[in-house]
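Notes follow once the structure below has been shown.
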Amino acid sequence: MSANAATPREHLAHQLAEAVAEALRTDLTRQARALLVVSGGSTPVPFFAALAHQELAWDRVDITLADERWVAEDATDSNARLVREHLLVGKAQQARFIPLTTGHSTPEEGVEEVAGRLEQLTWPASVVILGMGGDGHTASLFPDSRELSLALATDATVVAVRTPSQPQARITLSAERLHHALRHVLHISGDDKRTVLGRAMSGDDVRELPIRAFLSCPLAIYWAP
Ligand SMILES: O=C1O[C@H](COP(=O)(O)O)[C@@H](O)[C@H](O)[C@H]1O
């Protein structure tokens, strides 16, 4: 591989960016606005960078998150900050971003306001892009979240979650709301996550590996080593 050649993860990120951009373009031919739901964490960074430079009517695109830590928007672990720094740049800076946090001190106090914001958007979303952790969580549907059963079953748009394995309180789109999309993508990398996904595919206990709630969406899997 030459010094300038893309890594497999960068190559995958470009393929995903092209597919998502094409999906948005298609939906924008028949509707005034289109909604893109993205995940946070480290995996999406090269995808955001590639998507930000795609040619499309970004001024008619709304972008929100699958989940968020209840932290200030400028905190280093804020998913909103990640989106602002890596996706809302280049051509994509014309998109409208809808964050999942408010000025309230807890997500329980903020859920109603966030739900109100999200209800204004164009559902079904054009694309929901999920990530996955090594524990099989997706969005903030963690195996040890106290509110996991609620988040899997409720028809509410968002749920405040407290998770013993995680340092911060979080807010997550509910499983039902995450299902409300025309296309679903799982974007992951590394052998460890491939192994977790294999386990998820060979069982059915959603509480053990919450990603199982989305395996039959259908789900397009974008994986690189
Ligand atoms: O906590 C989170 O983790 C997952 C996976 O993140 P990654 O760093 O392993 O890519 C992510 O999908 C989710 O949005 C985020 O809040």
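In each ligand, atom 1 is the first atom listed, and ligand 1 is the first ligand listed.
Of the N and O atoms on the side chains of Ser145 and Thr163, at least one donor lies less than 3.5 Å from an acceptor on the other residue. Defined by atom type and a distance below 3.5 Å, a donor-acceptor pair is present between the side-chain atoms of Asp67 and Ser140.
The residue Glu68 has no part lying near ligand 1, judged by heavy-atom distances below 4.0 Å. Residue contacts with ligand 1 for Asp67 involve side-chain atoms from C-beta outward but no N, CA, C or O (heavy atoms, distance under 4.0 Å).
Not a single heavy atom of Gln166 sits under 4.0 Å from any atom of ligand 1.
Atoms of ligand 1 found under 4.0 Å from any heavy atom of Arg69, numbered from 1 in the order shown, are 1 (O). Listed by atom number, the atoms of ligand 1 under 4.0 Å from Arg170 heavy atoms are 1 (O), 2 (C), 16 (O). Short contacts between ligand 1 and Thr43, defined as distances under 4.0 Å to a heavy atom of the residue, involve ligand atoms 7 (P), 10 (O). Each of the atoms 7 (P), 8 (O), 10 (O) of ligand 1 lies under 4.0 Å from some heavy atom of Ser42. Ligand 1 places these atoms under 4.0 Å from at least one heavy atom of Asn79: 16 (O). Counting the atoms of ligand 1 from 1 in the order shown, those under 4.0 Å from a heavy atom of Lys193 are 7 (P), 9 (O), 10 (O).
For Ser140, no nitrogen or oxygen atom sits less than 3.5 Å from a nitrogen or oxygen atom of ligand 1, counting backbone and side chain alike. Every N/O-N/O distance between Gly41 and ligand 1 stays at or above 3.5 Å.
Residue His137 holds the heavy atom nearest to atom 4 (C) of ligand 1 of all those in Met132, His137, His187. One option in Gly131, Ala139, Gly190, Ser189 has a heavy atom closer to atom 12 (O) of ligand 1 than any other, and that option is Gly131.
With sequence neighbours left out, the ring pair (Phe, Tyr, Trp, His ring centres under 6.0 Å) criterion links His11 to no other residue.
Here the protein heavy atom with the shortest distance to atom 11 (C) of ligand 1 is Gly40 O, 3.5 Å.
Ring pair His187/Phe47 is perpendicular by interplanar angle, where above 60° counts as perpendicular and below 30° as parallel.
Annotation: His137 is in aromatic contact with Phe142 [ring centroid separation under 6.0 Å].
Cation-pi check for Arg177 over Trp123 is met; the charged atom lies under 6.0 angstrom from the ring centroid and within 45 degrees of its normal.
Put simply, the side chain of Thr157 never gets that close to the backbone of Ala115: no donor and acceptor are under 3.5 Å apart.
Partner Gln54 forms a side chain to side chain donor-acceptor pair (under 3.5 Å) with one of Glu18, Lys91, Arg25 and no other, that one being Arg25.
Taking a 4.5 Å side-chain heavy-atom cut-off between Ile, Leu, Val, Met, Phe, Trp and Tyr, the cluster of Leu182 contains only that residue.
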